[in-house]
Amino acid sequence: MKRTMPLLLVLCVFTLSYGDSDMTFDFEPPVSLEKADARAQDLLDRMTLEEKIQFVGGHNTFFIKGYDHLNIKELYLADATQGVHIRRNLDNRLKKSTAFPCPLALTATWNTDLTREYAKSIGEECRAGGIAVLLGPGMNMYRMSQNGRNFEYFGEDPYLAARLIENYVIALQNTGTLATLKHFVANNTDHYRRRSNSVVDDRTLHEIYLPAFKAGIDAGAMAVMTAYNQVNGEWAAQSRELVTGLLRRQLGFKWLVMSDWWSTFDAEKTIKSGLDLEMPGEHGEWFTEFEREYCQYVKESADSLIESGIVSEKDIDRMAFHILRTVIAMGLYDRPIKDASYLDTFPQHEEIALQTARESIVLLKNSNHILPVSPKDNKTILLTGDFVTTIARGQGAASVEGYNHVQMLDALKKVYGEQLNYIETPTETEIKAHDIVLLSIGTIDSEGWDQPFAFPDSVNERVLHTAALNPNTVALINTGSGRKMTDWHDKVAAILYCWYPGQNGNTALAEIISGAVSPSGKLPISIEKEFSDSPGYHYLPDGDSLYQGWEHDGDLKRPIYDIVYTEGVFMGYRWYDSKQIEPLYPFGYGLSYSTFEYSHLKIEQTGSSYKVQFKITNTGEQTAAETAQLYVIRSESSVPRPEKELKGFAKVELAPRHK
């Protein structure tokens, strides 16, 4: 089957618009800016200088400091974005939290309504656990496939990411939980992330890397977290050009700006950048003597900086004022943060997680319609591979353990019964003896390091060996990014891209394999044939190789290395189009068990806006969902433009025409 990107798709007598956004943002802080400012100033006037200095640095690693005598609450900040990360060393926190499919999987649903439900569920779990601030959503763009944190983000297209982010922010904050947009900005690798310098021009920032942040800010996000990396020669948290100039003045952000943990080095620059909250504001126990000397934090340096006249008390006042303004406006000092009644919503969250998994799985290949495999077919099925009895999930701060886990083996056994055989290490005879082989492969990605685009040789050899023995091999891939499949892509019969599916996503996988549900996921990324095809392939410094593990992450003695965004705005599918490089699978691609017909196309122009209408018909045999995608081309431009850009999409579920 030829793999082509849809140039113009739209939906079942439905309308897509291109032009000024007509979306209504419905989040407003419960306390007005004017009242919040007045209360913040009153509190500030009653704080001593030392109290203000301690306030603008983190407290006990994951808290904003409180002062009982001023009725200023201590506030807990929890990691995100695929659910609530529970830190077992902290008392009186959630005992469990729902493990949702990763945000990249959520993006593969192309479903804004589902995004709201996903974020609302996470916000409710924050309220159940007394969490004031969620350290998410993560929203850096997918520039290249090896970034270890791609699974935490929303894909390669700024328009798609922006539409999902604005819905995420609104739904999360409507629960009373404060959202944090991260990581600002151009944080697109975790290879020695504290030593990387993203060299990126202004146009590229505004067209590719800022739209999702702007959408979140316009939707009412109350916090932004800066990144670990340098941007154009200065660490993000210390850059006045970035924080004050770009974030506050150009994007109009007026609330809380915090640093990522241990990402600041110069107290003077930190204070003057426009940052408000330095996290965690103190050295970690694991710091080396070099790091303790090299990293100077505000809480330990502010007194001497003020005494010497390098900074003033007003600079500290500005930082403390923004923190107070934000938490007061959000109502966090006026009501209990913890609300145990939200524990009753967890069963609903499990359903949202399952529906997200259903809509996120992407059917990439389906030779001879080998899928679905109905239990009524009485075919013998061999299940083997890496994630059959353990659930794949991303690691690091985004890791969520979940509960009520559904293993792949159990989900498939429930559907197929004795037709399914699980053999951990099948013999050649056993592989050949089955009608279908389901082979599970994947990666475990994490912050702190990057993941190779290619699977390990042992994995590739296993796929090739299995497919050679049984041509009816179906590859089930759990990963948080695009992976190289070129070596064996043409050998397997089918490929299901399953991402990190969450605690019960294997139920959705079983539904799709059996045909109870038609796959509807569409790729939010381009998957290249070779890593060298991608725009960011040359990012590693000469002589460097990828590593795994945390021991390299804090190596501050390494020299800074530049990552030059030479591709400019031509990132993702824009790159492959402009260079006429055919990816293995293009952005927006995904197969269904059904077929769809587009008709009655109508385009109307009103001023600078366009309305595109059409009809979609399900011409297949089962109910299925389709995502219409609208791409536009700018006919005239004074600067080089992409061949096409996504400017509209919508998802609809349709019953078959003849049923």
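Numbering of residues begins at 1 and proceeds along the displayed sequence.
- Taking each heavy atom of G136 and L172 in turn, the nearest pair found is O-CD2, 4.3 Å.
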request  = Could you check D79 against R87 for side-chain contact (heavy atoms from CB on, under 4.5 Å), going step by step and ending with a plain yes or no?
outcome  = CA-CA 9 Å; D79 277 311; R87 298 193 177 273; 2.4 Å; yes

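- Shown here are the salt bridge (Lys or Arg N to Asp or Glu O under 4.0 Å) partners of D555, two or more places apart in sequence or in another chain: there are none.
- In terms of heavy-atom proximity, L134 sits nearest to C126 at CD1-SG, 3.8 Å.
- The distance from the CG atom of N140 to the OG1 atom of T189 is 11.0 Å, given to the nearest 0.5 Å.
- Within the 3.5 Å criterion, the main-chain N or O of G284 finds a donor-acceptor partner in the side chain of R292.
- Taking 4.5 Å as the limit, every side-chain heavy atom of R318 sits out of range of all side-chain heavy atoms of K314.
- Side-chain atoms of T177 and E125, non-hydrogen and from C-beta on, never get closer than 4.5 Å to each other.
- Taken from CG in L246 to CZ in R249, the straight-line distance is 11.5 Å, to the nearest 0.5 Å.
- A donor-acceptor pair is defined here as one N or O able to donate and one able to accept, closer than 3.5 Å; no such pair exists between the side chain of K299 and the backbone of E282.
- A side-chain N or O of H322 and one of D276 form a donor-acceptor pair less than 3.5 Å apart.
- Here the closest heavy-atom approach between residue P524 and residue L160 is recorded as CB-CD2, 4.2 Å.
- Side chain of K214 to main chain of A162: no donor-acceptor pair is present (N/O by atom type, distance under 3.5 Å, no hydrogens or angles).
- No side-chain donor-acceptor contact under 3.5 Å links D42 to the backbone of A38.
- In this structure the side chain of F151 never reaches within 4.5 angstrom of the side chain of W499, judged on heavy atoms.
- Using modelled atom types and a 3.5 Å distance limit, the side chains of R393 and S399 yield a donor-acceptor pair.
- With sequence neighbours excluded, the residues forming a side chain to side chain contact (heavy atoms under 4.5 Å, CB included) with Y537 are F531, S532, S534, listed by chain and number.
- A side-chain contact (heavy atoms from CB on, under 4.5 Å) with L44 is found for one member of E51, R325, K52 and no other, namely K52.
- When all heavy atoms of M319 and L275 are compared, the closest pair comes out as CG-O, 3.3 Å.
- The aromatic rings of Y192 and H552 sit perpendicular, their planes meeting at an angle over 60°, well past the 30° parallel limit.
- N229 contributes a side-chain N or O that, together with a main-chain N or O of A186, makes up a donor-acceptor pair within less than 3.5 Å.
- When side chains are defined from C-beta on, L556 counts as touching R194, because their heavy atoms get closer than 4.5 Å.
- Taking all atoms of both residues into account, the shortest heavy-atom contact from A397 to R149 is CB-NH2, 4.5 Å.
- Around atom CG of N89, more than 12 heavy atoms belonging to other residues, nucleotides or ligands sit under 6.0 Å away.
- Checking Q451 against T443 by side-chain atom types alone, no donor-acceptor pair falls below 3.5 Å.
- Remark: side-chain polar atoms of R248 are not paired, donor with acceptor, to backbone N or O of L242 under 3.5 angstrom.
- What you find for P452 and Q146 is that their closest heavy atoms are CA-OE1, 3.8 Å.
- Remark: E241 pairs with no residue by the side-chain hydrogen bond (donor to acceptor under 3.5 Å, both in side chains) rule, at least two apart or across chains.
- Between H191 and Y539, the ring planes lie perpendicular to each other; the angle is over 60°, past the 30° to 60° tilted range.
- Checked against salt bridge (Lys or Arg N to Asp or Glu O under 4.0 Å), R558 has the following partners two or more places apart in sequence or in another chain: D544.
- Side-chain polar atoms of T107 and Y153 form no donor-acceptor pair below 3.5 angstrom.
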request  = Give the C-alpha distance, both sets of side-chain angles, the deciding distance and a yes or no for side-chain contact (heavy atoms from CB on, under 4.5 Å) between K73 and L332.
outcome  = CA-CA 8 Å; K73 292 180 183 178; L332 299 180; over 6 Å; no

request  = Decide yes or no on side-chain contact (heavy atoms from CB on, under 4.5 Å) for D218 and E166, but give the supporting numbers first.
outcome  = CA-CA 8 Å; D218 290 346; E166 62 197 6; over 6 Å; no

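- The distance between the ring centers of F213 and F253 does not fall below 6.0 angstrom.
- Atoms CG and NZ, from L343 and K96 in turn, are 8.0 Å apart once rounded to the nearest 0.5 Å.
- The salt bridge (Lys or Arg N to Asp or Glu O under 4.0 Å) check on E300 picks up nothing, with sequence neighbours excluded.
- Under a 3.5 Å cut-off, the side chain of S145 and the backbone N or O of S481 do not form any donor-acceptor pair.
- In this structure, CZ in R143 is found 12.0 Å from CG in N187, a value given to the nearest 0.5 Å.
- Within the 4.5 Å cutoff, no side-chain heavy atoms of L324 are placed close to those of R39.
- Remark: aromatic rings of W550 and W286 are distant, center separation not under 6.0 Å.
- By the 4.5 Å heavy-atom criterion applied to side chains, I560 and S196 are not counted as neighbours.
- Under a cutoff of 6.0 Å and an axis angle of 45°, R193 and Y228 form a cation-pi pair.
- The backbone N or O of L305 sits less than 3.5 Å from a side-chain atom of S308, completing a donor-acceptor pair.
- From I165, atom CD1 reaches atom CZ of R163 across 10.5 Å, with rounding to the nearest 0.5 Å.
- A donor-acceptor pair under 3.5 Å links the side-chain atoms of D190 to the main chain of G448, judged by distance alone.
- A perpendicular orientation is assigned to the rings of H59 and F63, their planes being inclined by more than 60° (bins at 30° and 60°).
- Between N188 and Y209, the closest side-chain pair of non-hydrogen atoms falls below 4.5 Å.
- For the 3.5 Å distance criterion, the side chains of Q41 and D45 qualify, holding a donor opposite an acceptor.
- For E645, the salt bridge (Lys or Arg N to Asp or Glu O under 4.0 Å) partners are R574, R641, not counting sequence neighbours.
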task = Determine, stepwise, if the pair L247 / V185 fulfils side-chain contact (heavy atoms from CB on, under 4.5 Å).
result = CA-CA 10 Å; L247 179 58; V185 63; over 6 Å; no

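- Between Y118 and F100, the angle of the ring planes lies from 30° to 60°, which puts this pair in the tilted group.
- Taking CG of D317 as the start and OG of S312 as the end, the distance is 7.5 Å to the nearest 0.5 Å.
- Residues D303 and E307 have side chains not in contact (no heavy-atom distance under 4.5 Å, counting atoms from C-beta outward).
- No donor-acceptor distance shorter than 3.5 angstrom exists from the side chain of S198 to the backbone of I563, with no hydrogens or angles considered.
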